[in-house]
Every structure is written in structure tokens, then in C-alpha cells.
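Below, each value reflects all heavy atoms present in this structure, side chains not excepted, and no hydrogens, waters or symmetry copies. Everything quoted here is computed from the prediction, not taken from an experiment. Whatever order the structure lists them in is the order used to number ligands and atoms, beginning at 1.
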Amino acid sequence: MQSQIVVFLCILVLGRAAIISNDCKTTQTLNERLMYDKRLIYMGEYFPLDYKIYVRYEEVLRCQNITNLINQGITVKELRYLWGIVNERVLFKIKEVLPGRHPSFGYITDLLSILKSFLPETEHQVDSEIINEVLVTLKKETETRKPVRPKALLDNCFKVFHLLYEEECRLCNPRSASEGETFCESSDCYQ
Ligand SMILES: *[C@@H]1O[C@H](CO)[C@@H](O)[C@H](O)[C@H]1NC(C)=O
């Protein structure tokens, strides 16, 4: 109940925040689809307890990574590009383990198609060698895999996304109490 009220307030504030650029429309759709309640239901409750998906180390892109990369001089544009590439792969991996009639299948398919339409916006010439190395490693076949819970994968997706777009697109985050501790503050990243 309480979270609904917060969402409502959030929409009110956004409505008054006047003109939001076109580029931010998809961003806001993604933000809305990735909200805590949805991640909790589709990626948590609908999966068996302790279910894990094997991903590449480079597919784990957390706020801490972003902090490190910013400290190494990587630009926000490059980080957005990296976020897009990593998370398209992550969504594919989640989709792969889901049978078509699983209740989360539609959710992931929908997210994937929104992300696909969003990817061209993140496209960017990558000058940084560090990012290029990550991109090359991502494409290589490798045996090293890390087991991660599906919800943790989408939590990373959301947190980094939020961090990279919240200011520009005035993203709203009706934060739930349970997520409060784990949510990454922008100040953690831009010090
Ligand atoms: C993020 O950091 C983790 C842990 O240090 C590392 O394994 C992973 O490769 C990093 N991800 C990217 C995309 O650089």
C-alpha cells in the first residue's frame, strides 16, 4: 500500500517537473519496468530459492565497478554503452533458462525489447582501452562462470542504470525499505 502512495507522489512530482526530453522517455519506461516490486516478484518470488544463473565475471556490473571506472577517467557515455551491452547479455541469459509458460518469461521478453530499442541511444565510440578490453573479453569463449541469483542480476542492472541516468532524466525511485540498504547512492560513485 505504502509503496503505491510513494509511486503516486513520484508521478505527481514528475508531472510537475515539466518537459522531459524525448530521449528520456524510454529511460523512464525502463526505470518503471525495473522497479523493486517487479524485480522482487518476477526475479525473486517466481524462482526457486537459491536458484542461480551462471554468468561471466564481466557480466557482473555493479556500482562499485562504475566507481572504479569513473576514477580511471571513463566517461558516462562509455559507461552507458557498457551497461547496455552487459545487460542485454544478462537478459538473454535469464530468458534462456525460462520456459515459455513461466510467469517471468513475458516480463523478461518485454524488458529485452525495450532495452533493444534503447541500445542505439547508448551507442558510443569507445576510446577507452579499459572498456574495449572488457568488451573483447565478453565476446571470448571462456569457462569461467559465476553463479548469481536472477534478482541480483536485475538489481545490478537497475542500480547502475539509475546511477547513470537519474539526474539527466529525473528518474524517480520510490525506494522500498527493504532495498534501502542495498541501493547505491549516487554519492558513492561520484565523489
Ligand atoms: C566488476 O567487478 C568485478 C569484481 O571486481 C569483476 O569481476 C567484473 O569483471 C567487473 N565487471 C566489469 C564489467 O568490469
Practice problem: Would you mind telling me if ligand 1 is within reach of the side chain of V60, the backbone, both or neither, using heavy atoms under 4.0 Å? | Solution: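 It is the backbone that touches ligand 1; the side chain stays farther off.
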Does the side chain of [Y] come within less than 4.5 Å of [X]'s, by heavy atoms?
| X | Y | value |
| --- | --- | --- |
| L98 | F47 | yes |
| Y81 | L135 | yes |
| K140 | E58 | no |

Self-check item: Donor + acceptor pair across side chains of N68, Q64 (<3.5 Å)
Solution: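 Yes, because at least one side-chain N or O of N68 sits under 3.5 Å from a partner of the opposite role on Q64.
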Quiz item: Can you find a protein heavy atom under 4.0 Å from atom 9 (O) of ligand 1?
Solution: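 Within 4.0 Å: yes, protein heavy atom nearby.
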Quiz prompt | Heavy-atom protein neighbour under 4.0 angstrom from atom 4 (C) of ligand 1 | solution =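 It does not: no protein heavy atom is found less than 4.0 Å away from atom 4 (C) of ligand 1.
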Quiz item: In terms of residue, atom name and distance, what is the protein heavy atom nearest to atom 13 (C) of ligand 1?
Solution: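 Here the nearest protein heavy atom works out to E58 O, 3.2 Å.
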Exercise. Could you walk me through whether D127 and E78 pass the side chain to side chain contact (heavy atoms under 4.5 Å, CB included) test, one step at a time?
Key: CA-CA 8 Å; D127 300 320; E78 287 171 320; 4.0 Å; yes
Quiz item: Is it true that L61 lies under 4.0 Å from ligand 1, counting heavy atoms only?
Solution: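 L61: in contact with ligand 1 (<4.0 Å).
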Quiz prompt | Enumerated ligand 1 atoms positioned under 4.0 Å from heavy atoms of N65 | solution =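 In order of numbering, the contacting atoms are 1 (C), 2 (O), 3 (C), 8 (C), 10 (C), 11 (N), 12 (C), 14 (O).
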